[in-house]
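The next block holds one structure in the form of structure tokens; read it before the comments.
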2 protein chains.
Amino acid sequence: MTQISSPPKSLSVDKVDTSYLQTLIGYNSRRAALAVISVFMERMAAFGLRPVDFSVMSVITHNPGVTSRQLCSSLNILPPNLVGLIQSLEAQGLLERQAHPHDGRAVGLHPTSKGVTLMKQAEATASELEMEVGSKLTPTQVQTLVHLLQKIYL
Amino acid sequence: MTQISSPPKSLSVDKVDTSYLQTLIGYNSRRAALAVISVFMERMAAFGLRPVDFSVMSVITHNPGVTSRQLCSSLNILPPNLVGLIQSLEAQGLLERQAHPHDGRAVGLHPTSKGVTLMKQAEATASELEMEVGSKLTPTQVQTLVHLLQKIYL
DNA sequence: TATTGTTATACTCTATAACTATA
DNA sequence: TATAGTTATAGAGTATAACAATA
């Protein structure tokens, strides 16, 4: 370990100033995402779902027959990282893989009735959390926030 | 591998609908953060800084004498994960560790002149990027977005 | 030749337990 | 007893290269 120089040539910091970082959209959106998602994780643990599991199952439920490649594109997941995830959800009986109607390479992903039931509850829970988070804001502000965020990444 | 059932009982999906996920603040803020930060990473690579290095050096530069513990609290980093980071920045000659004026356990972190110079350029680059990202929004919208995000996580 | 799904693997990030030196 | 800094390590997340089957 490097030796600490001495004597001290400055005073201590009482309150840390992060005002510069707080001007950055990337910093603020990351901090907000982490704050919301940490609570989201706690709630979804009751369903055995991580955030990425929730996203994948949500897209499959709303888009029966969607392919792995389409999931990767829409959720920004790399194909190799989706494989184990799909296998796990299939093993849990939440989705089924079916032959794609007109592409022998692809596989259509379909929610099972168990998956549909679970996601109905999970999405209801997510929407509840959304209202809690949104309670820090007015309904209009929530709408504005979502709209502005989408202008950034879409 | 599980056998794929047949025959297919559904059509293929042409356009993936992610409208439900897009109602969630957590989902949108995460996607926005990833989009902005990926560009941020490219720009900061020129300075040899990852996002977390930038954040740490920025706080140290604006708060000379700040302790590791204070850094951890303000940036939501776990102490064990900060150790190697600080050592690396010190090895690069960007910061110095000095005895804390009135706490023998703590160490004050100070930017070197090299660190100050680097951060001046890095923050200028970050602010340039901020304007580019912000060009998708009006200046008022950027201000609104930042304000709303802070209401979520602060 | 290009694309889908897959395997193997490496790398980074994040988290937990436990230790020391000092308050 | 509590806190700052540290060590070791485990786990999760993310990334690239390469392959077989199909378009």
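Convention: sequence-line order gives letters A, B, ...; per-chain numbering from 1.
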Whole-Å gap separating [atom2] ([N]) and [atom1] ([X]):
X	N	atom1	atom2	value
A:H100	D:dA21	NE2	C1'	16 Å
A:E90	C:dG5	CD	C1'	13 Å
B:L82	C:dT14	CG	P	12 Å
B:H102	C:dA23	NE2	P	11 Å
A:I37	C:dT14	CD1	C1'	14 Å
A:L34	D:dG13	CG	P	13 Å
A:L78	C:dT3	CG	C1'	16 Å
B:Q70	D:dT3	CD	P	15 Å

_B:T117 side chain to B:Q121 side chain, donor-acceptor N/O pair below 3.5 angstrom_ =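 No - no donor-acceptor pair under 3.5 Å links their side chains.
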*Using only heavy-atom distances, determine whether the side chains of A:E123 and A:S127 contain a donor-acceptor pair under 3.5 Å.*
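There is no such pair between these side chains.
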*OG/A:S12 to CD/B:Q70 distance, rounded to the nearest 0.5 angstrom?*
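Output value for this atom pair is 7.5 Å.
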Are OP1 or OP2 of [N] and a side-chain N or O of [X] less than 4.0 angstrom apart?
X	N	answer
A:R97	C:dT6	yes
A:Q87	C:dT7	yes
B:R50	C:dC13	yes

*Starting at the 5' end of DNA chain D and moving along, which residue's nearest nucleotide shows up first, B:G108 or A:D103?*
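Taking each residue's closest nucleotide, the earlier one in sequence belongs to B:G108.
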_Reading DNA chain D from 5' onward, which residue's closest nucleotide shows up sooner: A:M41 or A:G104?_
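Its nearest nucleotide being more 5', the pick is A:M41.
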_Minimum-distance nucleotide (side-chain atoms of A:T67 versus C:dG5, D:dA15, C:dT16)_ =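 The answer is C:dG5, which lies nearest to the side chain.
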*Go through D:dT6, D:dG5, D:dA15 for me and flag the one nearest to the A:N81 side chain.*
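From the listed options, D:dA15 comes nearest.
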*Once the angle between the rings of A:F54 and A:F40 is folded into 0 to 90°, is it parallel (under 30°), tilted (30 to 60°) or perpendicular (over 60°)?*
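Because their plane-to-plane angle is over 60°, the rings of A:F54 and A:F40 count as perpendicular.
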*In terms of ring plane angle, is the pair A:Y27 and B:Y153 parallel, tilted or perpendicular, where the classes change at 30° and 60°?*
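Answer is perpendicular, since the angle exceeds 60°.
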_Here's a test of your reading of the structure: between A:R105 and A:R30, which maps to the more 5' nucleotide of DNA chain C?_
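Going by which nucleotide is closer to the 5' end, it is A:R105.
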